[in-house]
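Okay, structure first, notes after.
Each residue takes its place number in the sequence, starting with 1.
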Amino acid sequence: MTATTPQDGIRLGLRANLAQFTLLVAVNALVGGMLGQERVVLPLLAGQVFHLAASVSALTYILAFGATKAVTNFFAGTLSDRYGRKPVLIGGWLIALPVPAMLAWGPTWGWIIAANILLGASQGLTWSTTVIMKIDLAGPERRGLAMGFNEAAGYVAVAATSVATGAIAAHAGLRPEPFLLGAAYAALGLGLSVFAVRETREHARAEAALHPAQHGTDTQLTTAQIARRTSFTDKALSAASQAGLVNNLNDALAWGIFPLLFAAHGLPIGQIGALAAIYPAVWGAGQILTGWWSDRVGRKHLITAGMLLQAAAIALIALGTTFAVWAIAQVLLGLGTALVYPTLLAVIGDVAHPAWRARAIGVYRLWRDGGFAVGALLAGSLAGTYGLTTAIWAVAALTAASGLLVAARMYETHPRPGRLQREADSRHME
């Protein structure tokens, strides 16, 4: 974690920026908690209060959230380059303020959809910006570890809030009490962002000065060129983008379909809440280790293994009928996701030049969180037509295919010390 001093007193590295980095970890935990307030309660609310079928509920609130978050991710990178990271972070928290009240007291399902549109926009701005800011501060040497801390904080908070809201719902009902926790998160997150978080854009500019591009035009790429490179032409960036999409497609399945499967087998709300928490808890806690590991052994093989492990875990969910089997499957799903999630972000940071890295992260997160919308459409449609188990099997097969595509297409972006960090352009680009 050795810091470097590139210019103008700006220091890169986790140790040199420990106070701000730790603060941003805490802020991202609050961002994750805003998502966690929905994970257990909302699927049950859809069926028990608004009397919606599984396919209808998944095709609405998860689709609304995922589509909005994906698009907002794209603009978060561009806006943070233009106006700075901190204003974008504050804007995301302002958008989040009315969400808990809309979930707690909204009289119709339309209010729930509207709340998830706002939540998606807020998450796109806040989570994307905390990622960008941590990469700015960490510098190149501990990028995987930095992403591990970021994603761990967010998803441990998702898990903890899922457990808390499930317990509150079992004791006090599905509304309004579980969502009061989200209101506290939003107020605290906004206060910290306004009064304690500092701007990090100059750290990225300092790193860019230390690492000139290989080609003179690389620092002057347009947003369209960055989008094309990240989505299609660079083999590592494009492989990461499709894997991110499938990973969050899996998360949409876990969010919208798994609780309904568990309920259909007679599990009480408390056990459903516990199962819903196991997956993000293992995912969240594991990312500190896997982010560090990817800095040591490289990115590609961890991503491939993680996607294949996720596929096996989802298949076990489809096969299972008991709490114990599902708990094991949720642990495996969390481990597979932990291998993938921070490592994919580290790939983007490895390949993208600091001058356009924030926009590349925005494009990647557009694809990744588009997986929520794709998952809602795919899993919701299949569940409505063929049943919950068929939808789960289909996603398991798709996840295995994604892992094999990473194995075939992605080049290693962070080799072990002593080897070149990047291969020749002819091997990177089609």
Side-chain angles (χ1 to χ4, degrees), residues 1-6 8-37 73 76-77 79-81 83-97 122-161 181-207 284-285 287-288 291-292 341-342 345-346 349 354 357-358 361 365:
M1 298 186 190
T2 302
T4 59
T5 308
D8 299 330
I10 293 175
R11 296 168 60 85
L12 303 179
L14 297 185
R15 184 174 298 156
N17 297 285
L18 185 59
Q20 273 295 300
F21 187 89
T22 303
L23 175 62
L24 287 167
V25 168
V27 170
N28 204 54
L30 296 170
V31 176
M34 290 296 293
L35 181 60
Q37 69 181 319
N73 283 332
L79 291 171
S80 68
D81 273 345
Y83 300 110
R85 289 36 166 156
K86 179 171 178 173
V88 177
L89 180 62
I90 292 171
W93 280 116
L94 289 172
I95 293 171
L97 288 178
S122 171
Q123 294 271 306
L125 295 176
T126 52
W127 205 310
S128 291
T129 308
T130 59
V131 166
I132 293 166
M133 295 176 88
K134 288 188 184 71
I135 289 179
D136 290 344
L137 295 174
E141 293 183 8
R142 295 292 183 266
R143 190 169 284 136
L145 180 61
M147 291 301 91
F149 274 113
N150 185 80
E151 301 305 295
Y155 284 97
V156 167
V158 170
T161 307
L181 199 55
Y185 290 162
L188 182 57
L190 178 61
L192 289 174
S193 299
V194 170
F195 297 110
V197 170
R198 295 200 299 266
E199 181 59 62
T200 66
R201 183 168 50 172
E202 292 305 316
H203 288 73
R205 291 174 176 171
E207 185 185 347
Q287 289 177 107
I288 298 175
W292 168 85
Y341 222 69
L345 281 166
R357 186 170 58 208
I361 291 171
R365 287 172 63 84

query = What do the steps show when you test T130 against M133 for side-chain contact (heavy atoms from CB on, under 4.5 Å), and what is the final call?
reply = CA-CA 5 Å; T130 59; M133 295 176 88; 5.5 Å; no
query = Between W127 and Y155, what is the ring plane arrangement, given parallel below 30°, perpendicular above 60°, and tilted in between?
reply = tilted
Determine yes or no for a side-chain-to-main-chain donor-acceptor pair under 3.5 angstrom, with [X] supplying the side chain and [Y] the backbone.
X: N17; Y: L137; result: yes
X: E207; Y: A204; result: no
X: N28; Y: A153; result: no
X: Q20; Y: V197; result: no

Could you grab the distance from atom [atom1] of [X] to atom [atom2] of [Y], nearest 0.5 Å is fine?
X: Q287; Y: E151; atom1: CD; atom2: CD; value: 5.5 Å
X: R201; Y: Y83; atom1: CZ; atom2: OH; value: 10.5 Å
X: R85; Y: R198; atom1: CZ; atom2: CZ; value: 15.5 Å
X: L190; Y: L94; atom1: CG; atom2: CG; value: 5.0 Å
X: L188; Y: L30; atom1: CG; atom2: CG; value: 5.0 Å
X: T22; Y: L14; atom1: OG1; atom2: CG; value: 9.0 Å

For [X] and [Y], which heavy atoms make the closest approach, and how far apart are they?
X: I10; Y: H203; answer: CG2-CD2, 3.5 Å
X: V158; Y: G32; answer: CG2-O, 3.2 Å
X: G84; Y: V88; answer: O-CG2, 3.5 Å
X: G349; Y: R357; answer: CA-CD, 3.9 Å
X: A186; Y: W93; answer: CA-CZ3, 3.7 Å
X: L24; Y: K134; answer: O-NZ, 3.1 Å

request  = With sequence neighbours left out, write down each residue that passes side chain to side chain contact (heavy atoms under 4.5 Å, CB included) with S122, or none if nothing qualifies.
outcome  =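 Once residues adjacent in sequence are excluded, the partners of S122 under the side chain to side chain contact (heavy atoms under 4.5 Å, CB included) criterion are I95, A96, T126.
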